[in-house]
There are 2 protein chains.
Amino acid sequence: MEKRTALRTRLGRQVSQKDVAREAGVSQATVSRVLTSEETVSEEKQERVWRAARELGYRPNAIARSLVRQSTRMVGLVVTPFFNPYYSRVIADFTRELQERGFWTMLLNVDDQDSVEETLPEALRYQLDGVILACATLSSRLADECERSGTPVVLFNRYVLDAKVHSVCCDNVTGGAMVAKALIDGGHERYAYVSGVQETSTDRDRMRGFAEELASRGYRLAYHEVGSDTYESGAEAGRHLLQRDAPPDAVFCATDLMALGVLDVARYELDLSVPRDVSIVGFDDIPMAAWRGCSLTTVRQPVDEMVPAAVEIMLKAVEKPGGEVVEQRIRPTLVRRGSARL
Amino acid sequence: MEKRTALRTRLGRQVSQKDVAREAGVSQATVSRVLTSEETVSEEKQERVWRAARELGYRPNAIARSLVRQSTRMVGLVVTPFFNPYYSRVIADFTRELQERGFWTMLLNVDDQDSVEETLPEALRYQLDGVILACATLSSRLADECERSGTPVVLFNRYVLDAKVHSVCCDNVTGGAMVAKALIDGGHERYAYVSGVQETSTDRDRMRGFAEELASRGYRLAYHEVGSDTYESGAEAGRHLLQRDAPPDAVFCATDLMALGVLDVARYELDLSVPRDVSIVGFDDIPMAAWRGCSLTTVRQPVDEMVPAAVEIMLKAVEKPGGEVVEQRIRPTLVRRGSARL
DNA sequence: CTGAAAGCGCTTACAG
DNA sequence: CTGAAAGCGCTTACAG
């Protein structure tokens, strides 16, 4: 018997509660109680169990526990444009926050909405306790899938109009308006907006806030370029805009990444002086915006508030499903640096 | 009976194979065979099972399967300095590559070696099929833990001398030497090296390759600053170095992130002309290095080869444990841009 | 306080 | 080809 245990262990079979129980001379249930439940067990048996566990190098099997508890304490994190530094931050913050709350992150890599549709259902087989969709949208089909499996979903940086799904966003309309206000006060004349990924609530709201504020002060959005949330697409948009006959003297970009593309084209390709010839403003406040060579004026998304808020909503929903749908909007702040006359 | 099924399903209990079996009028084992095994089942029953599964919206439970198969198809990914854009790329590539091979990524966020020691064992409770340690080191204690649980480990961008653990690295010694060679050919006189996180094989090798090549050509490493792999620490190092009496005219930094800090200090704080007054070279080739405002000469790590190589090694080790230890070194390339006279 | 037993949802020999 | 049964490693009523 002794021999067999040793043999099996050596063969790679993990040490289980059964092994610990045998070693400690108690039942397997008692081992479970000592190691992981709140139920009381006599001092003496606790001792024996702990010792046996230590000696055998016992490690609880979270997969087995998940199966019986019907809860994995794993959360799916879906982030769709991986390349934007803003999302690196988001990933880092989510994993840390979740970890601190005792949850583990399954990170999904998807390029676009189509692959979300394809990949998320596969991942749900792992009985994720919840899903955070950062910058992807929940189609009704996906919403259905999640609902059916009882998996709470929190949208981050997106929302859907026919609400019924939690979301945490920066208040993008206000953000856009703040930029317009500041640029108008700075005495600009011709305004342009550069879209990131269109058809997202985020892009729509930033543009709307910007355009509406302009309108309310008697200005109009003269130009609108469409990028794809990359540095290069920003550069491309910058070339189009700044080489027009009547070029804009104020360019607001949906994201910092694109704004930096515009900035570099203005400075290094077209030899313009920023902000004397043109003011450029971004959104997000990625670390590079603060670099001396960039000094990008931008709108800061309060990621440090948004992420904990999203996690809080998620965990509440995990604990008791069927609560109210929360749609949190967090106010951004304007960060004045050197790329705009304000 | 009908009613009960419906009720239980509505209550959130997932549809299981048992439910599908009942609906299809076959045994639960047959459902399993149809849905997930290679065993043959009669056409007719296959039909019935598929239909029932579809109608009930059955989704396989990967946790249960993992338990019996003793394999979760989840891989732990530990990345230690999250803030460096180089690692965003690494995370993105690993998750994509793993996903394509049918594995899922559990992403761990740890700040330093200490938290690896603490967090990884907890994560191993999830019976990860393997672990990729990107830029963290495997202490002997950790190596032990993994060995005992039979979890293969692949180090990425690190290695340990008392080898016994797989690793994939860029050939950092060669990389450092390439920089030295090019700078010497460019006619520089006084050389400086800026360390990232010291005490890592990566930093050591880059410096060694650099210094040895200098020595072999009759030059010496005049200055050595120590940073912490951040833009700011690079800036700080730049201030120290470039304000000396006999400042270096060639600065090689362990990472692009720090090199960009040096670059910006040189250009915007000290009003030096780069590369006329000083050449600055980085390592990694992060996207920002190619930005027009940066134009950083650097050594490119072939991430697109390194990540698949690491995954390959990992999966081989998962399939048959106890194979040979693989230590792969991949040759980097020098990318000539505007920040160095070469 | 504690053990025997059921059960989480699967896979996979074992018989037939 | 197919069902009954054992078992993966746990948790948790149920009795005592």
Side-chain angles (χ1 to χ4, degrees), chain A residues 5 8-9 11-49 52-53 56-73 124-129 149-150, chain B residues 5 8-9 11-49 52-53 56-73 124-129 149-150:
Chain A
T5 306
R8 288 160 92 193
T9 307
L11 278 176
R13 187 173 129 317
Q14 291 243 18
V15 177
S16 73
Q17 289 185 353
K18 204 155 101 187
D19 302 314
V20 176
R22 197 186 303 126
E23 180 75 21
V26 300
S27 73
Q28 182 248 323
T30 296
V31 174
S32 174
R33 288 188 184 104
V34 172
L35 264 33
T36 56
S37 89
E38 298 303 294
E39 297 184 50
T40 48
V41 172
S42 73
E43 284 280 323
E44 188 227 332
K45 295 205 171 176
Q46 285 196 37
E47 262 323 306
R48 272 153 55 192
V49 168
L56 297 179
Y58 172 72
R59 187 197 334 269
N61 183 323
I63 296 297
R65 162 189 281 222
S66 295
L67 188 61
V68 357
R69 286 246 179 117
Q70 303 279 54
S71 159
T72 55
R73 297 189 80 84
L124 286 175
R125 294 183 175 187
Y126 281 86
Q127 317 298 112
L128 304 173
D129 280 356
S149 58
Chain B
T5 305
R8 288 160 92 194
T9 307
L11 278 178
R13 189 174 127 320
Q14 290 245 18
V15 177
S16 72
Q17 290 186 349
K18 202 155 102 189
D19 302 313
V20 176
R22 196 187 301 125
E23 180 75 19
V26 299
S27 74
Q28 182 247 325
T30 295
V31 173
S32 173
R33 289 189 183 104
V34 172
L35 265 33
T36 56
S37 89
E38 298 304 295
E39 297 184 48
T40 47
V41 172
S42 73
E43 285 280 321
E44 188 226 333
K45 295 204 169 172
Q46 284 196 39
E47 261 323 308
R48 273 154 53 194
V49 167
L56 298 180
Y58 171 72
R59 188 200 329 272
N61 184 324
I63 296 298
R65 163 189 280 225
S66 296
L67 188 60
V68 357
R69 286 246 179 117
Q70 302 279 55
S71 160
T72 54
R73 297 190 80 81
L124 287 173
R125 295 183 175 188
Y126 281 86
Q127 317 299 111
L128 304 174
D129 280 356
S149 59

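Sequence lines set the chain letters: A, B, ... in the order given, protein chains first and strands last, and positions in each chain run from 1. This is a predicted model, so every value here is computed, not measured. No hydrogens, no waters, no symmetry mates; every other heavy atom, side chains included, goes into these values.
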Please name all residues satisfying side chain to side chain donor-acceptor pair (under 3.5 Å) with [X], sequence neighbours left out, ordered by chain then number.
X       : result
S66(B)  : none
Q127(A) : none
S32(B)  : none
S71(B)  : D129(B)

Taking 4.0 Å as the cut-off, does a side-chain nitrogen or oxygen of [X] come that near to OP1 or OP2 on [N]?
X      : N       : result
T30(B) : dT2(D)  : no
Q17(B) : dT11(C) : yes
Y58(B) : dC10(C) : yes
K45(B) : dG3(D)  : yes
S16(B) : dG9(C)  : no
S32(A) : dT11(D) : yes

Can you list everything that forms a salt bridge (Lys or Arg N to Asp or Glu O under 4.0 Å) with [X]? Sequence neighbours excluded, please.
X      : result
R33(B) : E39(B)
R59(B) : E145(A)
R65(A) : none
E44(A) : R48(A)

> Considering only heavy atoms, which members of residues 60-70 of chain B lie under 4.0 Å from some atom of DNA chain D?
Replying inline: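 Close to the strand are L67(B), V68(B), Q70(B).
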>> Testing V49(A), D19(A), V20(A) one by one against Y58(A) for a side-chain contact (heavy atoms from CB on, under 4.5 Å), which residue passes?
In response: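 Of the listed options, the one satisfying the test is V20(A).
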> Please, what dot-bracket string fits DNA chain D when only Watson-Crick and G-U pairs with both distances under 3.5 Å count, crossing ones use [ ] and pairs to another strand use |?
Replying inline: |||.||||||||.|||
> Just checking R125(B): base, sugar-phosphate only, or nothing, at a heavy-atom cut-off of under 4.0 Å?
Replying inline: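 It contacts nothing in the nucleic acid.
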> With a non-hydrogen cut-off below 4.0 angstrom, is S42(B) in contact with a base, only sugar-phosphate, or nothing?
Replying inline: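 Sugar-phosphate contact only.
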Find every protein N or O atom lying less than 3.5 Å from an N or O atom of nucleotides 13-16 of chain D, and list the pairs.
| residue | atom | partner | partner atom | Å |
| --- | --- | --- | --- | --- |
| dA13(D) | N6 | R33(A) | NH2 | 2.7 |

> Between A52(B) and A24(B), what is the shortest heavy-atom contact and its length?
Replying inline: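 Taking A52(B) first and A24(B) second, the nearest heavy atoms are CB-CB, 3.9 Å.
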